[in-house]
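So you know, we letter chains A, B, ... as the sequences are listed, proteins then strands, and number each from 1. The model shown is predicted, which means the values in this text are computed figures rather than measured ones.
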Protein chains: 2
Amino acid sequence: MAEAASTREGTLVLIAGAGRLPELVAASLERAGRPFRLIALRGFTGRPLKAKADATVDLLDLAATLAHLKAWSPAIVVPAGSVARPSAAAIFNAGAAWRNREALRDIAAGGDDRLLRAAVGLVEENGHRVLGVHEVAPDLLCPEGALGLVKVDAEADASIRTGLAVLDALSPFDVGQAVAVAGDRVLAVEGPEGTDKMLARARALGRKPFGRGRPNAGTVLVKAPKVGQDLRIDLPTVGPRTIRNAHAAGCAGLALRAGRTLVIDRAATAAEADRLGLFVIGFGEAA
Amino acid sequence: MAEAASTREGTLVLIAGAGRLPELVAASLERAGRPFRLIALRGFTGRPLKAKADATVDLLDLAATLAHLKAWSPAIVVPAGSVARPSAAAIFNAGAAWRNREALRDIAAGGDDRLLRAAVGLVEENGHRVLGVHEVAPDLLCPEGALGLVKVDAEADASIRTGLAVLDALSPFDVGQAVAVAGDRVLAVEGPEGTDKMLARARALGRKPFGRGRPNAGTVLVKAPKVGQDLRIDLPTVGPRTIRNAHAAGCAGLALRAGRTLVIDRAATAAEADRLGLFVIGFGEAA
């Protein structure tokens, strides 16, 4: 509780990447009456926030970001929104704040998250506390229970149980924040391609039904972060588009880890689920 | 050992589906000096074997197959080769030997293997012993150790260990006979789409390298059946095409479960691996 309270106190700096998320976080902070400073990333931060920015920096110019943070000395730094992979050349030319070329090479060769992870590490090394969106704007997360009007039936419930067991089994490995499951049959395990492409695969599998029956009846998209996943860098996210893609893939609904999955625009997401007849359920720790 | 010996004795009936496998099995049996009778499946069995068939039946006319088996009373029945999914209508119209419409509906709604599994069950219920290709033609399986000239390096070895651990974790679930792994990063888990499409996914992920480094260095295709998998119905299979697809996906090599993976044309597979610089290694139980 002390921890939770402390995330809502002190000055906060929001570093805004691309997409709607930074806007939603800013709105959440404003609703909560929490003052914050805003750093925009040139070429990433969207128009509405760009106008409000206290500073604008280049993604790779971490020295500039660190200088602002040093001047403002905030209690908390929150990165939000996506940053596309910069070119290797841009990274190799960036560098002042980075320690050495070997570290850069390692970052450049790594997965999508490695740059962000390295940046977070550098900000922390400079004495700042970095928190995730889930910690400062919990109202943006999937709650426990039903998000829309459609209920989970027994068929889907069996799929959810299988899906959770599969995600649990895969938890030690660098793979799979989501699965598409029909009963005891796993249609697709998400890899680095992401949820939308994974759903497209499940969709392709469903496109050749064997007879007029529903071959993948009770298909559910089950999504949850891995144990130990750094949610500041990689927070599972759904939105109205996820609902549409899941529907197209033949899903009866979505089961999401409550409090650990971001719902981009909860009202629109629930409305889309209701419109297409999909359930959206947030499950807790014990599920 | 008594079991192993008994698989090489007595009369044998080979039921030949599509693809090269039935031919290879027939050749293996001939090499071993083992007599056999051949049932061709109309529209599936390839030309070279069709001419040699002792009987030709329709895939769905199990009554005819059972009548032949009753007349010949073989010690062993071996299904080999693929059978495409017949239409639901064909299944519903087939039926004399099938017990009831509910069983058929269940089969029609199931996965690709359910029809074959049901057919094997029915043949067994009629008092016949059904064995797999791996039991009567072990010379077609991947041996332990290297299949070609290329050696496994330390990078690939780490990938193999991760891949085996992932397959092991997924073993209780109906998914994943294969994974593509780069170090500790799982690029793709095979679902019902099969190994070739899974490799195409890994290939797409590798197509956007971050910098000039090798982002997925040491990528390995690791393939093994699940614990308890019925190898008579679903035997993991590779061949020259798998080598080409793995190469295109950026793999350094293939690690296959020895004695449990069919290698279609071992000489051509090893030659293709050597030509493209990929290792192919068969790993044993303890790996």
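Most heavy-atom pairs under 4.5 Å with chain B, from the set A/Val179, A/Leu170, A/Val166: that is A/Val166. The candidate with the highest count of non-hydrogen atom pairs below 4.5 Å against chain B, out of A/Asp168, A/Val181, A/Val175, A/Asp174, is A/Asp174.
No side-chain donor-acceptor contact under 3.5 Å links B/Thr261 and B/Lys223.
Atom CG of B/Leu167 is separated from atom CD of B/Gln177 by 9.0 Å, given to the nearest 0.5 angstrom. Summarising the geometry, atom NE2 belonging to A/His247 is positioned 11.5 Å from atom CG belonging to A/Asn245; distances are rounded to the nearest 0.5 Å. Here the straight-line distance linking atom CZ of A/Arg260 with atom CG of A/Leu231 works out to 6.0 Å at 0.5 Å rounding.
Looking at A/Ala165, the atoms closer than 4.5 Å to chain B (heavy atoms on both sides) sit in the backbone and in the side chain alike.
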